[in-house]
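None of the values given here were measured: they were computed from a predicted structure.
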Amino acid sequence: MQSIDGLQSTDGARSEAGTDPVADTRTTDRPRSVVGRGRRRLAGVSFLIGAVAVTTLFAIGAWQRRWIADDGLIVLRTLRNLFAGNGPVFNAGERVEANTSTAWTYLLWFWAWITDGQLEYVALWVALVCSVAAIPIAMYGSARLYGNRLGGLTGDGWTLLLPFGAIIYIAIPPARDFATSGLENGLCIFWAAVLWCQLVAWARRGPHTRPRGAAATLVLAFTAGLAPLVRPELAVFGGLVLVLVFCAPLGWKMRLGVVVVAGALPVGYQIFRMGYYALLVPNPAVAKDASGAKWSQGFTYLTNLFGPYVLVLPVVMAVVAGVILVVGARLRADAASADDTPTDSLQAVSWRSRLGAMSARLQSSTAVVSVVVVAGLILIVYWIRQGGDFMHGRVLLVPLFVTLLPLMVVPLTIPAHLGAAFGRRPAQKSVVDDEPEPAEVSPAQRRRTRVGLVGAVAMAGLWVTVLIWGIGTHANVLPNAGIDIGRSGIVDERRFYVTNMGNENPVTAEDYLAYPRMSSMVEKIDKYHEDGGVILPSFNYDEWYVAQLPAVMPQGAKRQVTVYFLNLGMTSMNAPLDVRVIDQMGLAYPLAAHTERLEDGRIGHDKILPSEWVVAEAGAYPRKPVLPGYLDEDLVRQAQVALQCPETKDRFASFEAPWSFNRFKSNLKQAFTFNSYRIQREPEYEIARCGLEMPPPVNPE
């Protein structure tokens, strides 16, 4: 493990500056102690065995549970439109960004273009590779963090680098479920793992003057700047990292370089998003009111993840392990400082020197670990405030992964000279390292040996506890998983579809034809493909209603089939691109996205637009008996009037009107207002809000 060996010497130079107590490898009795080759080899081999074992187990578990979720199919519709030349849209002719992760969309597009493979399998393999690769990368970052801890408090102990946080993460069943799924979870943890490794390397380099160090810092800034493109809320993590790097010892030219490199791509895309989609965020963020608050539901979501797996146990173990490592780092720093002879201790220190010292401390392992843990906790709190999600565990996986990054592996050091420390006669020579042993052990080293032994026993107990917990809970499932959604609205998404389709590994859109209504939907699309109409789900799983278009269409209007259904992924991937597919909660339908959030609605589905709006907006015939019997003619007429609200017409024009430079400029300005624009879901209330005239009843009594 050459890389771990290299870190030992690198941090030794940094320790002299006194900027990072965690990085100091000196002790009172053995200043600048260098861990022997055999001891370094033991640490490297233990890390390698742990990384291979954990990664292999995770890969096997993820493959066994491989699938593509309905929401995972949504992004593939955008890819189909990109390849068809319709642009990055969900429905041709409607500039709507239906995918939350921009980076995931274009990563899949790239690999689909390179491989020319079936989109579902491209998504499956890219997600799987990203998810599995994230584990050893994250573990390697932690191993580098603790590379200078080899040898323990005395500097000559035997250290094992054992998987810890990695075991916690892979043991959670949702982590294996969403290792594929077609969603961006795999990309998120891969990005976080890479950023973590870069952060650790940056902290250990210290203030640099060489071009190589400057280039590495700029690459770190670029990776951190990708955060909002990977997922918008990850800007918390990326932003904190950029603040840390910017405030660390850098010249102003480098600071300017960090800002430019980090901001060029996300800022450029943000300008494009505002001018093209007329929003500040992806459309799903508006549909789900990402800035809203549902604390009670959020805590329900948290317990829904923690309960089935007794997750509080490994979390407590992780906290205790972190405390042990912090205490050990402080003891090493105290031992090192005992050897330092203060010079100029009586000399006055200027404010510039104080400021410089504070800045230097930012480029340290301590600061890096603090930023990562704080970012993970903020993300957890954000999702609790947001109310979580309807998919069991999904949105808490990435915050949990980020928080566990510093503990992906932990060092367990067995102190050397245990016999001498407890009064026995020490050996004279190390057979393995060929290093002379001290003839006598000082009282200070004896105390450190005993403290180190206590820490080793405690860390071993924590590791064994987490290992047993992982073995015992890795196969646990939610009660009634796949059968009952429950009052909380949270469901084990994979098990739900597996149960309802009788397919253990649903991957393709064709597999989802076994889901209720899907086969009959395809038949209905074929039947009305020429005449057009609005296809609406019925209460019967084998039938759909159709609101037909008028025999004579208004000038400029085209006949088109519109499918209006909640399950947007399976619906859109089983429909031709000339069929418009929209949903009640507004992931791909701005009209629904801009309605107010229902306080008592199911989490993730708390915007439900009545079907009468779609009938009115699509131009379907609004009268019975052509209009399906369960729809209200008066509501359709009211929706027709409500759609004339000037702000709503502007919103439709922003994504439906031909895209031109003037439209781009107009969208840039309107994006700020459209982001917070909301309409009333009941047409009569929307008419009153807009100050329009209420239409007379269609059938007055």
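By the side chain to side chain donor-acceptor pair (under 3.5 Å) test, N86 is found to be paired with N81, residues two or more places apart in sequence or in another chain being considered. In terms of the side chain to side chain donor-acceptor pair (under 3.5 Å) criterion, T55 has no residue partners (sequence neighbours excluded). For the side-chain contact (heavy atoms from CB on, under 4.5 Å) test, residues two or more places apart in sequence or in another chain that qualify with V243 are C247. Scanning for side chain to side chain donor-acceptor pair (under 3.5 Å) contacts around D177 gives R65, with sequence neighbours left out. Annotation: side-chain contact (heavy atoms from CB on, under 4.5 Å) contacts of L160 (sequence neighbours excluded): L42, S46, L162. By the side chain to side chain donor-acceptor pair (under 3.5 Å) test, Y269 pairs with E97, sequence neighbours left out. P284 meets the side-chain contact (heavy atoms from CB on, under 4.5 Å) test with T100, P282, L587; sequence neighbours excluded.
Taken from CG in L145 to CZ in R204, the straight-line distance is 6.5 Å, to the nearest 0.5 Å. Atom CG of residue L400 and atom OH of residue Y169 lie 8.0 Å apart, to the nearest 0.5 angstrom. Within the model, atoms CD1 of I74 and CD1 of I68 stand 12.5 Å from one another, a figure rounded to the nearest 0.5 Å. Remark: S364 OG to L244 CG distance equals 8.0 Å, nearest 0.5 Å. Of the inter-residue distances, the one linking L397 atom CG with L183 atom CG reads 11.0 Å to the nearest 0.5 angstrom. One finds the CZ atom of F47 at 12.0 Å from the CE atom of M408 (value rounded to the nearest 0.5 Å).
Side chain of Y146 to main chain of P406: a donor-acceptor pair is present (N/O by atom type, distance under 3.5 Å, no hydrogens or angles). Distance alone, capped at 3.5 Å, places no donor-acceptor pair between the W196 side chain and the Y140 backbone. Under a 3.5 Å cut-off, the side chain of W104 and the backbone N or O of G186 do not form any donor-acceptor pair.
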side-chain contact (heavy atoms from CB on, under 4.5 Å) between I168 and M317, intermediate numbers included: CA-CA 10 Å; I168 296 174; M317 298 296 102; 5.9 Å; no
Would you sort out whether L199 and W202 count as a side-chain contact (heavy atoms from CB on, under 4.5 Å), showing the intermediate values? CA-CA 5 Å; L199 263 178; W202 171 79; 4.2 Å; yes
Let me see the working for N667 and Y276 under side-chain contact (heavy atoms from CB on, under 4.5 Å), right down to the final yes or no. CA-CA 7 Å; N667 283 358; Y276 191 75; over 6 Å; no
Kindly determine whether M391 and D71 satisfy side-chain contact (heavy atoms from CB on, under 4.5 Å), including the steps that lead there. CA-CA 10 Å; M391 298 186 199; D71 284 49; 3.5 Å; yes
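When every heavy atom of R176 is checked against every heavy atom of G61, the shortest pair comes out as CD-CA, 3.8 Å. Of all heavy-atom pairs spanning V372 and V402, the tightest one is CG1-O, 3.2 Å. The two residues V241 and A224 come nearest to each other via the heavy atoms CG1-CB, 4.0 Å. Across all their heavy atoms, L405 and A138 have their closest contact at CD2-CB, 3.6 Å. Of all the heavy atoms in I167 and P163, the pair that sits closest is CD1-O, 3.3 Å. Scanning both residues, G165 and L404, for their nearest heavy atoms gives O-CD1, 3.8 Å.
Looking only at side-chain heavy atoms (C-beta outward), R144 and C197 stay at 4.5 Å or farther from each other. Inter-residue side-chain proximity for L218 and V258 is flagged as met; some heavy-atom pair is nearer than 4.5 Å. You'll find the side chain of L280 reaches within 4.5 Å of the side chain of M274, heavy atoms only. Proximity of I380 to I384: side-chain heavy atoms (C-beta onward) are separated by under 4.5 Å at one or more points. Here the side chains of L234 and L226 are not in contact, with every heavy-atom distance at 4.5 Å or above. Two residues are said to be in side-chain contact when any heavy atoms from C-beta on lie closer than 4.5 Å; L229 and Y106 fail this criterion. Contact annotation: the side chain of F664 approaches that of I271 to within less than 4.5 Å [non-hydrogen atoms, C-beta and beyond]. Side-chain contact between V381 and I378 is absent, with no heavy atoms from C-beta onward closer than 4.5 Å.
Under a cut-off of 6.0 angstrom, the local environment of CH2 in W111 is sparse, with at most 12 non-hydrogen atoms contributed by other residues, nucleotides or ligands.
Ring geometry, W113 versus W109: the interplanar angle falls under 30°, so the pair is classed parallel (tilted spans 30 to 60°).
Residue pairs meeting the ring-ring contact (aromatic ring centres under 6.0 Å, His included) criterion with at least one member in residues 216-250, sequence neighbours excluded: W191-F237. Sorted by first and then second residue, the pairs that involve residues 213-237 and meet salt bridge (Lys or Arg N to Asp or Glu O under 4.0 Å), not counting sequence neighbours, are E184-R231, R231-E233. Residue pairs that meet the side chain to side chain donor-acceptor pair (under 3.5 Å) test with at least one member in residues 234-256, sequence neighbours left out, do not exist here. For residues 398-413, the set of pairs meeting the side chain to side chain donor-acceptor pair (under 3.5 Å) definition, not counting sequence neighbours, comprises T159-T413.
For the 3.5 Å distance criterion, the side chains of R394 and S181 fail to qualify, holding no donor opposite an acceptor.
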Going by atom type alone, with no hydrogens or angles, which donor-acceptor pairs under 3.5 Å involve a side-chain atom of residues 123-137 and a protein atom two or more places apart or on another chain?
unit_1: S131; atom_1: OG; unit_2: A127; atom_2: O; d: 2.8
unit_1: S131; atom_1: OG; unit_2: A179; atom_2: O; d: 2.9

